[in-house]
2 protein chains.
Amino acid sequence: MSLCEVPVVPVVHPAILHRHSPVQFDRDAVVSDVVVDTIVDAGRLAPSAGNSQPWAFIVGRRGDRVHARVVRHLVGSSLRWAPDASVLVVNLARVLVEETDWEYSEFSRYDLGQAVAHMTLQAMAIGVDAHQFRAFDRDAVASDFGVPREWEVTSMTAFGVAAHAAGDAPGVSRERRTRDELTWARDRGFC
Amino acid sequence: MSLCEVPVVPVVHPAILHRHSPVQFDRDAVVSDVVVDTIVDAGRLAPSAGNSQPWAFIVGRRGDRVHARVVRHLVGSSLRWAPDASVLVVNLARVLVEETDWEYSEFSRYDLGQAVAHMTLQAMAIGVDAHQFRAFDRDAVASDFGVPREWEVTSMTAFGVAAHAAGDAPGVSRERRTRDELTWARDRGFC
């Protein structure tokens, strides 16, 4: 089989192409347990170094107690828009081996990033938007939820339905480096 | 809009559900430039903290000079199967600000993980399998390709077509923790 001969031009998947990070969510949009389960499953199935699965998630849905506790720890810019999202997920990386100071995996954060990417793309594929952010008090979240010291509270993801005509984070360019800028030492013209 | 009322049960996207890491690739499968471009674009479009895009890729296709140079630095288990893959991609994380010892982004490896996850899922969506691995000599790759010191050679991804009936890495379980094990403090039964 030669993919050189595939007559159809491959395209970037719509979930990847149309993904963006809305800064305004529909505050009436509700997502069901099964939607949340599907998103968590997508992260659960991500690959990781030696199948170490160095990830965990605190999941709050707008209106429940977990959500109310998470919202208390938002700071700065995220306070304006994140509470309106249907779901707030705290993303945790397992950084230490239990009861030691040994690194759990050199790929803890890399693999957490993979799991969260799986979750955001899964969400997009079923019509749910996502916006990751860092504007919250890590220590307060860790303390409030009794996060064991071998876990790092790394990031949060807001999931929901982008409000009509919602823009992206102001002041942050969405431009990307070109393909040539980020691929090094590449030969061309092989087929 | 309430996603509670969506009559269709959402499912995990096939690219996520069926993704696995083959340890045997079809050594005759060739992927075209446009397939490689599409995979790189998927990584290029990944989100990152403040749009910092802390990623770069060295792309070698079986038969070209870059591939031959990359293969020289494989060690151990990857030597058995990775050279057969159609494409070998070295994944690099920007860890330092140029000419300083300042951290470029606390999310460098997390965001590289996201970009690589985008690439592997994009590949799956167009019929190309992927296997990430660490069994290579990082320093030798960095030296051979003149990687600037602010970049870390982090991982590699082999892309190609899984050989018929190819299994997964032997000795590594594919089992995942359950959804309940990895979601903490979650309320249930909201809708």
Side-chain angles (χ1 to χ4, degrees), chain A residues 1-4 9-13 16 21 29-32 34-35 37-38 40-42 44-45 47 49-51 53 55-59 61 63-66 109-114 116-118 121-122 125-126 132 134 145 161 172-174 176-177 179 182-187 190-191, chain B residues 1-4 9-10 12-13 16 21 29-32 34-35 37-38 40-42 44-47 49-51 53 55-59 61 63-66 109-114 116-118 121-122 125-126 132 134 145 161 172-174 176-177 179 182-187 190-191:
Chain A
M1 172 183 174
S2 168
L3 289 179
C4 286
V9 175
V11 293
V12 175
H13 193 281
I16 292 173
S21 300
V30 176
V31 300
S32 67
V34 69
V35 165
D37 284 352
T38 309
V40 171
D41 274 344
R44 200 166 74 83
L45 296 172
N51 196 26
Q53 307 171 65
W55 47 64
F57 307 100
I58 295 169
V59 178
R61 288 202 289 151
D64 76 11
R65 291 166 300 178
V66 175
R109 295 176 185 89
Y110 176 100
D111 286 336
L112 176 62
Q114 295 209 75
V116 174
H118 276 230
L121 293 181
Q122 169 63 26
I126 55 175
Q132 296 173 57
R134 169 65 186 89
F145 288 95
V161 177
V172 176
S173 165
R174 296 200 69 217
R176 297 296 196 275
R177 287 184 296 145
R179 209 187 286 138
L182 55 82
T183 51
W184 297 354
R186 180 170 167 196
D187 278 352
F190 188 70
C191 72
Chain B
M1 172 183 175
S2 168
L3 289 178
C4 285
V9 175
V12 175
H13 193 281
I16 293 173
S21 299
V30 175
V31 301
S32 66
V34 69
V35 165
D37 284 351
T38 310
V40 171
D41 274 344
R44 201 166 73 82
L45 296 172
N51 196 25
Q53 308 171 63
W55 47 63
F57 309 99
I58 295 170
V59 179
R61 288 200 289 153
D64 76 11
R65 291 167 301 178
V66 176
R109 295 177 185 88
Y110 176 100
D111 286 335
L112 176 62
Q114 295 208 74
V116 174
H118 276 230
L121 293 181
Q122 169 63 28
I126 56 175
Q132 295 173 57
R134 168 67 185 89
F145 289 94
V161 177
V172 176
S173 165
R174 295 200 71 217
R176 297 295 196 276
R177 288 185 296 145
R179 209 187 287 136
L182 57 82
T183 51
W184 298 352
R186 181 171 168 196
D187 278 353
F190 188 70
C191 72

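These figures come from a predicted structure and were not determined experimentally. To find a chain, count down the sequence lines: A is the first, B the second, and so on, and within it residues start at 1. All heavy atoms count here, side chains included; hydrogens, waters and symmetry mates do not.
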Would the distance check show the side chain of Arg61(B) and the main-chain N or O of Val31(B) forming a donor-acceptor pair, the cut-off being under 3.5 Å?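 Yes, the answer is positive, given that a donor and an acceptor are paired below the 3.5 Å cut-off.
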Looking at Val11(A), is its backbone amide N or carbonyl O close enough to the side chain of Gln122(B) to form a donor-acceptor pair, meaning the two atoms are under 3.5 Å apart?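 Here the side-chain-to-backbone pair exists.
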Distance from [X] atom [atom1] to [Y] atom [atom2], nearest 0.5 Å?
X	Y	atom1	atom2	answer
Gln114(B)	Leu45(B)	CD	CG	12.5 Å
Leu182(A)	Arg176(A)	CG	CZ	10.5 Å
Arg44(B)	Asp37(B)	CZ	CG	9.5 Å
Asp111(A)	Trp55(A)	CG	CH2	6.0 Å

Using a 4.5 angstrom heavy-atom cutoff, name the option from Gln53(B), Arg109(B), His13(B) with the most pairs to chain A.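 Ranked by contacts with chain A, first place is Gln53(B).
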So what's closer than 4.5 Å to chain A heavy atoms on Arg177(B): side chain, backbone, both or neither?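 Both parts, heavy atoms under 4.5 Å.
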Which bit of Ala46(B) comes within less than 4.5 Å of chain A, counting heavy atoms only: side chain, backbone, both or neither?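 It is the backbone, since no side chain atom gets that close.
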[X] versus chain B, the contacting section by heavy-atom distance below 4.5 Å:
X	result
Arg134(A)	side chain
Ala125(A)	side chain
Gln132(A)	side chain
Asn51(A)	both

So which of Ala42(A), Pro47(A), Ala117(A) has the largest heavy-atom pair count under 4.5 angstrom toward chain B?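 Ranked by heavy-atom pairs under 4.5 Å with chain B, first place is Pro47(A).
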